[in-house]
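All remarks here apply to the structure that follows.
Lettering of chains follows the sequences in order, A, B, ..., and the numbering in each one begins at 1.
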Amino acid sequence: MAVSVRVRIAPSPTGFAHLGTASTALYNVLFARQQKGTFVLRIDDTDLERNRPEYELLILESLTWLALEWDEGPLRQSERLDIYKEEAAKLLQAGKAYRCFCTPEELEAERKQAQLEKRPYKYSRRCLTNPPEGRGEFAVRFRVPGGEVTFTDMLRGEMKFDADLIGDFIIVKSDGYPTYQFASPVDDALMKITHVIRGEEHLSNTPYQLMVVDGLGYERPVAYAHMPLILAGDGSKLSKRKHPESNLILFRELGYLSEALINYLALLGWNPGTEQEIFTFEQLVQAFSFDRVQHGGARFDWEKLNWINGEYIRKLSLDELTDRLRPFVSQLDEATLRRAIPALQTRLHKLAEAVDYLDFLWTDPPPPAIDADTAQRVKAAIEAVKDVPWDPDSIEAALEKAVADSGVGKGKFYTPLRDTLTGKKVALPIHYCFGLLPKDVALARLARAANLPV
RNA sequence: GGCCCCGUCGUCUAGUGGCCUAGGACGCAGCCCUCUCAAGGCUGAGAUCGCGGGUUCGAAUCCCGCCGGGGCUACCA
């Protein structure tokens, strides 16, 4: 009987959730849904120095926004300290771990020395071979048995690491908290995680964690999948500090649709083997497979995301787009917003751009300086529209007639009108600029610009 | 330094020995449409497949070396 799939994501609340978090979560969810498995959310909050509770909130909020819902959790490592203590005690008792009293300075000196002698650094094991007399603060080190560690990576096949190159590493810090290399494999084992799907930066961490699992006598995960990293535009790895723009909350604020971001992220590093680029989530679940995942990192491309986001915006129904837009233009009344949608829909790449197209509705632009001829045409425009029904189509018909009568081209006729009404060089079609404005406001703006009595 | 991963148009990629004079998408350029900006339609530029050796009748695809990028090597995760 096949064991049911259990996967997890384990972000640490030392910063906002970023693109990498989303990407890893996505692949986990895709696999979980496809295999009818369980997706667990665990918060790896063992870094006392850098953890912040508000970051955890941000992570949950980001994942929820992206609809990457977890089935179990969030479990917090900070609430499982007893477990790690117990597991560490087992290792200590079995002689598979030992107390280390070395100070950071001493360790630093060891490292420097190794570097000086041009030999690869490995902890000297002095606290194992010569346990110091003094008591006091100590960390717990795992006694690396050496030999070879092998495991299967779902992308790369059989991986083999030489454990003789790995020094004894710390599993419990002197503050009593477990390190990542310890807590993570312990939890994965206890939570019966079957497939560890995570970023490629963890590929060479895997042997550490496998040795811990083996040392404890737990069952190993069935397989690992180390997914390609998302790179910044310059090819470097995305980091929270260097790349604040990768904050997922920011994507929401800029007006990216969560399903568009998901679609883009899925394509970044994975490809379906067909030329399809736009996928529903269900289609992704069906189509996803690890053997079509890229092995190398991929740069994040805003342009392509913008295009996909535009595609998604254009697919939305009038009601859906209205709902999505509302938070971005809360100044605007519902009816006006709905009337603007047809003109907006083909123009937006991000929802927030709606503000640039609509803010003339609640912000009076300064009247432009116009010459006598132009004033005449503005006046003609006023005459043309002042008695027509106030909807874009009627306005357009009236204006077209006025243009024909004026003897000048549309561009020459419309440009000063657009300028007067919106104060902008780029705007919605002129009849929308009229129609969205209350009639009296539109006429007043024109009259003022043409220096006419209102 | 050591270990590991990766290397096809600017970017994301297709490609697993002949179908590749290397395909698609984004972006870019031009044209059409057009009151601006988009959207849409059409056309186009853009990769000697990191480099050098092999293997083979034939290599982007296999082998070796080199170079380049990234990751790990923390009492960060």
Side-chain angles (χ1 to χ4, degrees), chain A residues 10-15 44-47 49-50 100 102-104 107-108 111 114-115 117-122 137-141 153 155-156 159-162 165-167 169-181 183-184 198-208 226 228-229 231 233 235-237 264 267-277 292 294-308 310 314 343-349 353 356-357 396 399-400 403 409-415 417-419 422 424-431 433:
Chain A
S12 67
T14 55
D44 281 11
D45 54 350
T46 56
D47 185 346
E49 295 286 311
R50 299 192 298 156
C100 176
C102 294
T103 64
L107 295 171
E108 186 52 36
R111 266 191 291 270
Q115 202 172 17
E117 295 169 21
K118 287 181 180 282
R119 85 187 132 76
Y121 174 68
K122 245 173 96 171
E137 277 203 341
F138 64 87
V140 179
R141 263 182 206 277
D153 181 273
L155 312 190
R156 301 170 183 81
M159 298 294 306
K160 188 161 67 175
F161 284 86
D162 183 358
L165 266 22
I166 298 174
F169 55 93
I170 303 233
I171 56 175
V172 180
K173 299 179 255 185
S174 54
D175 63 8
Y177 274 64
T179 60
Y180 166 73
Q181 301 288 39
S184 187
R198 59 202 338 185
E200 200 205 306
E201 73 255 39
H202 293 300
L203 189 54
S204 36
N205 283 327
T206 308
Y208 291 71
H226 290 96
L229 259 22
L231 275 19
S236 69
K237 183 193 167 197
Y264 175 66
L267 253 27
L268 200 59
W270 169 82
N271 89 84
T274 67
E275 286 178 0
Q276 184 176 355
E277 298 221 83
R292 296 205 66 89
Q294 228 57 243
H295 297 188
R299 293 178 202 222
F300 188 82
D301 182 7
W302 290 90
E303 297 294 342
K304 180 109 189 201
L305 204 219
N306 288 343
W307 172 74
I308 289 185
R314 272 169 254 130
L344 280 174
Q345 192 154 25
T346 58
R347 273 162 253 266
L348 299 181
H349 291 94
E353 290 168 347
D356 297 327
Y357 284 111
E396 184 176 23
L399 287 175
E400 290 293 297
V403 171
K410 278 188 180 184
K412 194 154 187 186
F413 193 90
Y414 286 148
T415 301
L417 295 182
R418 176 167 41 248
D419 200 4
T422 69
K424 290 172 195 277
K425 293 264 177 285
V426 173
L428 297 180
I430 195 73
H431 50 288
C433 295

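Contact annotation for A:G273: no contact, since no heavy-atom pair falls under 4.0 Å across all strands. Residue A:C102 is in base contact, counting any heavy-atom pair closer than 4.0 Å across all strands shown. Here A:Q345 lies out of heavy-atom contact (under 4.0 Å) with every strand. Across all strands, A:L268 comes closer than 4.0 Å only to sugar-phosphate atoms, never to a base (heavy-atom distances). As judged by a 4.0 angstrom heavy-atom cut-off over every strand, A:R198 is placed among residues making no nucleic acid contact. Here A:Y208 lies in heavy-atom contact (under 4.0 Å) with sugar-phosphate atoms only. A:F161 comes within contact range of the sugar-phosphate backbone alone, with a heavy-atom separation under 4.0 Å but no base atom that close. A:A427 comes within 4.0 angstrom of a nucleotide base, judged by non-hydrogen atoms across all strands. A:S12 comes within contact range of the sugar-phosphate backbone alone, with a heavy-atom separation under 4.0 Å but no base atom that close. Among the heavy atoms of the strands lying under 4.0 Å from A:E277 are primed sugar atoms or P, OP1, OP2 only; no base atom is included. If you check every strand for non-hydrogen atoms under 4.0 Å, A:L267 touches sugar and phosphate atoms only.
Each of A:R119 and A:G235 lies near RNA chain B, and the nucleotide nearest A:R119 is the one positioned closer to the 5' end.
Summarising the base pairing, B:A38 is matched to no nucleotide, lacking a Watson-Crick or G-U wobble pair whose two defining distances lie under 3.5 Å. Using the Watson-Crick or G-U wobble rule with both distances under 3.5 Å, B:C66 pairs with B:G50. Pairing partner, B:C3: B:G71, with both Watson-Crick or wobble hydrogen-bond distances short of 3.5 Å.
For A:Q181, no side-chain nitrogen or oxygen approaches OP1 or OP2 of B:C76 to under 4.0 Å. A sub-4.0 Å separation between OP1 or OP2 of B:A74 and a side-chain N or O of A:R141 is absent. Residue A:H295 has no polar side-chain atom (N or O) positioned under 4.0 Å from OP1 or OP2 of B:C5. In this model, the phosphate group of B:G40 is approached by a side-chain N or O of A:R314 to a distance below 4.0 Å at OP1 or OP2. For the OP1/OP2 pair of B:A77 and a distance below 4.0 Å, the side-chain nitrogens and oxygens of A:T46 include at least one atom meeting the criterion. Within the 4.0 Å cut-off from OP1 or OP2 of B:C72, not a single side-chain nitrogen or oxygen of A:N205 is found. For B:C76, one of the phosphate oxygens OP1 or OP2 lies less than 4.0 angstrom from a side-chain nitrogen or oxygen of A:K173.
Minimum interatomic distance between A:D45 and A:Y177 (heavy atoms only, all atoms of both residues): O-CE2, 4.1 Å.
On a pure distance criterion of 3.5 Å, no polar donor-acceptor pair joins the side chain of A:S204 and the base of B:C4. The base of B:C35 sits within donor-acceptor range of the side chain of A:H431, with an N or O pair under 3.5 Å. No N or O donor and acceptor, one from the side chain of A:R299 and one from the base of B:C12, sit under 3.5 Å apart.
Residue A:E303 places its side chain closer to B:G27 than to any other of B:G70, B:G27, B:C12. Of the candidates B:A38, B:C26, B:G15, B:G15 carries the atom nearest the A:R292 side chain, counting heavy atoms from C-beta on.
Annotation: side chain of A:T206 is not in contact with side chain of A:M159 (no heavy-atom distance under 4.5 Å).
Comparing the P positions of B:A59 and B:U16 gives an interatomic distance of 16 Å, to the nearest angstrom. One C1' atom belongs to B:A60, the other to B:G52, and the distance between them is 16 Å to the nearest Å.
Of the charged side-chain nitrogens involved, none lies within less than 4.0 Å of a carboxylate oxygen, so that A:K173 and A:E49 do not count as a salt-bridged pair. Classification of A:E200 and A:K237 as a salt-bridged pair fails, no side-chain N sitting under 4.0 Å from a carboxylate O.
Ring orientation note: the planes of A:F300 and A:Y264 are nearly perpendicular, at an angle over 60° on the 30°/60° scale.
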